[in-house]
2 protein chains.
Amino acid sequence: MSVENNTVQPLRAAACSSNELAEPLELLPEGGVASAQGFKAAGIHAGFRADPNRKDFALVAADEPCAAAGTFTTNVFCAAPVIVSREHLDGVSYGTARAMIINSGIANAATGPIGLDTARQSARIAAEAVGCTEDEVLVASTGVIGQHLDMEPFKTGLPAAVQALSVEGGHDAARAIMTTDTVPKEYAVTFSGDGLGYDGVTFTVGGMAKGSGMIMPNMATMISVVTTDAPVTANDLHEALVDAVNVSFNKITVDSDTSTNDTCIAFASGAAAPGAAPMEKGSDAYAVFASALKAVCSGLARQMATDGEGATRLVTVNVTGAANDEDADKAARTIANSPLVKTAIYGHDANWGRIAAAAGRSGARFNQEDVSIDIMGLPVCRQGLTVPFSEEEALARFEDPEIVLDIDLGAGSAQTTMWTCDFSHDYVTINGDYRT
Amino acid sequence: MSVENNTVQPLRAAACSSNELAEPLELLPEGGVASAQGFKAAGIHAGFRADPNRKDFALVAADEPCAAAGTFTTNVFCAAPVIVSREHLDGVSYGTARAMIINSGIANAATGPIGLDTARQSARIAAEAVGCTEDEVLVASTGVIGQHLDMEPFKTGLPAAVQALSVEGGHDAARAIMTTDTVPKEYAVTFSGDGLGYDGVTFTVGGMAKGSGMIMPNMATMISVVTTDAPVTANDLHEALVDAVNVSFNKITVDSDTSTNDTCIAFASGAAAPGAAPMEKGSDAYAVFASALKAVCSGLARQMATDGEGATRLVTVNVTGAANDEDADKAARTIANSPLVKTAIYGHDANWGRIAAAAGRSGARFNQEDVSIDIMGLPVCRQGLTVPFSEEEALARFEDPEIVLDIDLGAGSAQTTMWTCDFSHDYVTINGDYRT
């Protein structure tokens with residue numbers, strides 16, 4: 001099966017990770033959750049964790065009440081802070097908010113009525129410290145499930161966090177929300193309002209996230225906060241956020257487990273163009289803003305997949321040629337979740353049979369004789385049959401830190417991209433050996 | 001969270017693995033695919049594998065043409081032998097058959113028209129050797145995907161296999177179909193026809209299976225052959241087989257991957273009661289026969305889960321209190337497939353939060369405050385909240401080779417049982433290190 005040269009054309013000109021920013025978006029180096037005008041953040045040690053050197057509490061605050069929107073876990077076992085944040089966003093997941101508090105260490109999940117009280121009390125304490133109403137505070141927690149949160153760290157921590165609020169504090173905040181994450185996750189972009197009805201204005205969208213697996217015993221996963229200084233109504237912000245989350249956070253999978261605490265919140269201050277009209281849905285400005293929000297969420301999502309527990313490789317799964325969006329998602333998700341695909345990548349094995357078998361059982365409709373597969377731009381399957389390829393060349397391409405799989409189902413024109421990581425011995429060690 | 005004594009009542013009187021045989025079924029020790037009257041089997045080295053000491057070809061043959069039925073993979077990438085066996089069962093998955101041939105080593109999957117030709121030719125060769133028509137032969141293959149089968153081992157192997165046919169040959173056949181399996185899998189039960197309209201007759205249902213994960217690079221999984229000497233029509237046999245497979249092979253998961261070659265075939269010779277009327281659907285006799293078929297399929301399925309790649313524990317997931325069968329299956333399957341649950345069991349961690357989170361994201365409808373969970377008969381969650389338990393006691397119970405999880409969703413009366421195995425370092429080694 002090994003040959004000198006492969007004469008079959010690859011599916012793409014270059015192995016494409018779909019992470020390049022399109023015009024007019026520009027990366028903001030060192031950007032984060034407090035890069036947009038009108039926001040400050042802080043990350044401190046408040047006492048939720050025993051280690052005094054570990055930050056465990058983040059505060060993101062807007063200078064004024066502003067538009068806010070959220071998306072939350074669909075897990076039946078949803079945590080108390082998720083319930084409270086939903087309520088504070090008027091039960092419709094968008095409204096007005098001023099601040100967000102996040103603790104790490106304990107998830108306040110599976111804690112019943114006591115946990116709900118705790119989450120509400122923490123919002124009350126934050127409101128007092130920040131100077132806003134209780135329902136303008138959103139709350140999130142991440143950590144061990146089934147344990148109760150102590151109120152004391154909120155009481156002492158909130159005044160300290162308000163004191164520490166700054167633009168640079170965004171980096172501390174990103175650190176404070178980490179659990180098994182090995183690196184903080186931040187990403188920000190800017191775009192010019194020239195020609196969009198906001199001449200001379202530069203807008204910023206930036207955010208932070210945490211998550212690297214559903215995680216260590218009783219830990220909960222993904223939390224993200226994104227801020228922008230673009231003027232957008234809460235309703236439109238919510239629509240843009242849902243769209244962005246669907247092509248970013250909802251397209252990553254480390255171990256197929258959705259947590260009890262997943263939360264993504266967006267704030268829009270409008271502070272870059274005070275008094276200007278909101279970017280309305282349907283306008284060019286809104287379209288660019290929505291693409292910026294997608295870019296930030298995707299940037300953060302890719303960082304989360306890269307930091308998957310025990311991961312040695314980021315894996316990008318591009319499915320094209322699907323009959324519809326749902327089929328594209330089914331195929332990509334099943335491939336990205338397959339332990340056999342993930343262990344093969346860990347083993348640097350260009351094993352297209354496992355990719356094909358995963359697509360085949362995904363429920364997506366296609367004919368096997370129409371399927372093409374490339375691994376790192378190397379054609380390995382055409383018309384459902386093996387294409388001879390150089391094993392040496394395949395091994396060389398696996399040296400890349402990002403592994404790109406392209407699968408063309410040949411059944412239509414729908415496509416999607418998912419991100420995951422490989423499956424290593426360390427994943428088993430991290431998740432299996434914690435308490436023994 | 002650690003306490004001396006746990007006063008909460010467990011969900012069941014004893015941790016129940018659902019594997020006890022109910023009256024009038026009796027285990028047939030050392031039974032297998034050729035235990036039922038009217039069948040013989042053989043397992044030989046035919047040359048599909050390089051190692052001359054490894055059996056790689058199995059033949060199961062009935063003395064006369066008899067009723068046969070099959071269930072097959074739903075994977076879009078279905079292998080050539082699956083297509084041919086479906087055709088030979090009259091396109092409706094039941095009909096008349098005389099023999100089944102199975103090779104290991106190469107799966108004849110993703111092999112296009114050439115592979116189809118090979119599968120048809122092998123049936124033709126078998127028909128000649130056995131002395132029946134080509135469409136009375138069913139075929140199956142297991143092994144590497146994407147490689148072509150050599151015809152030579154069929155030509156030389158089939159006459160040798162026919163020569164070797166015997167009742168004892170069932171054990172050789174079980175060995176010949178192994179791939180990454182570490183042990184052959186056989187199971188058989190008997191039941192008396194007394195009071196069922198077949199006084200004085202003892203009926204046997206026996207079978208063999210292979211499978212221990214979707215498996216090593218490009219390997220394909222699960223194949224099972226079950227035979228009985230009970231008189232059953234092909235149509236009724238098919239219905240009983242579908243029911244049995246749904247509560248056995250379809251309820252095991254090693255790594256959530258469904259293979260290209262999954263095949264389960266049943267033969268009914270009626271040889272225990274020559275000339276007797278068939279056990280008709282709706283009769284007591286049929287009900288007992290159907291329960292015997294379920295017992296054999298479940299016995300084989302449990303052996304497959306126990307032999308999961310890298311497994312150190314068989315895991316039985318009992319979901320009760322589901323709103324309906326579909327919800328019960330969703331919850332049990334999601335728990336059984338969760339890498340976090342499986343690594344926790346490997347780490348002997350009574351981590352109910354992961355079990356709850358898996359049930360919560362499964363799509364099954366329930367309220368978290370109605371959920372109860374036991375691990376090895378130890379209550380760990382009631383009303384969605386932590387129950388204090390002795391960590392020492394939990395660790396002691398994890399010494400058992402079979403780990404039983406009981407989850408009561410409190411949403412209805414539907415229930416199901418699934419089997420899986422834990423997730424160890426060895427799984428990653430087996431599946432990741434093969435070619436490096």
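Naming convention: chains lettered A, B, ... in sequence-line order (proteins, then strands); numbering from 1 in each chain.
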Can you name the one residue among B:N75, B:T73, B:V76 that meets side-chain contact (heavy atoms from CB on, under 4.5 Å) with A:R361? B:N75
With no hydrogens and no angle check, is any side-chain donor or acceptor of A:E369 less than 3.5 Å from a backbone partner on B:G112? no
Can you tell me how far the CZ atom of B:F77 sits from the CZ atom of A:F366, to the nearest 0.5 Å? 5.5 Å
Mind ranking A:A364, A:A359, A:G360 by heavy-atom pairs under 4.5 Å with chain B and telling me who comes out on top? A:G360
Is B:S362 close to chain A through its backbone or its side chain, or both, or neither, when contacts mean heavy atoms under 4.5 Å? neither
Shortest non-hydrogen contact from A:L385 to B:T111? CD2-C, 3.6 Å
Using a 6.0 Å cut-off, check whether atom CZ of B:R365 has over 12 heavy atoms from anything other than its own residue. no
Taking all heavy atoms of B:A110 and all of A:G384, pick out the closest pair and write down the distance. CB-O, 3.4 Å
Residue part contacting chain A, namely of B:A109, when any heavy atom lies under 4.5 Å: neither
Quick one: pull up CD1 in A:I145 and CG in B:N351 and give me the separation to the nearest 0.5 Å. 7.5 Å
A:A140: what forms a side chain to side chain contact (heavy atoms under 4.5 Å, CB included) with it, not counting sequence neighbours? A:M100, A:I102, A:I223
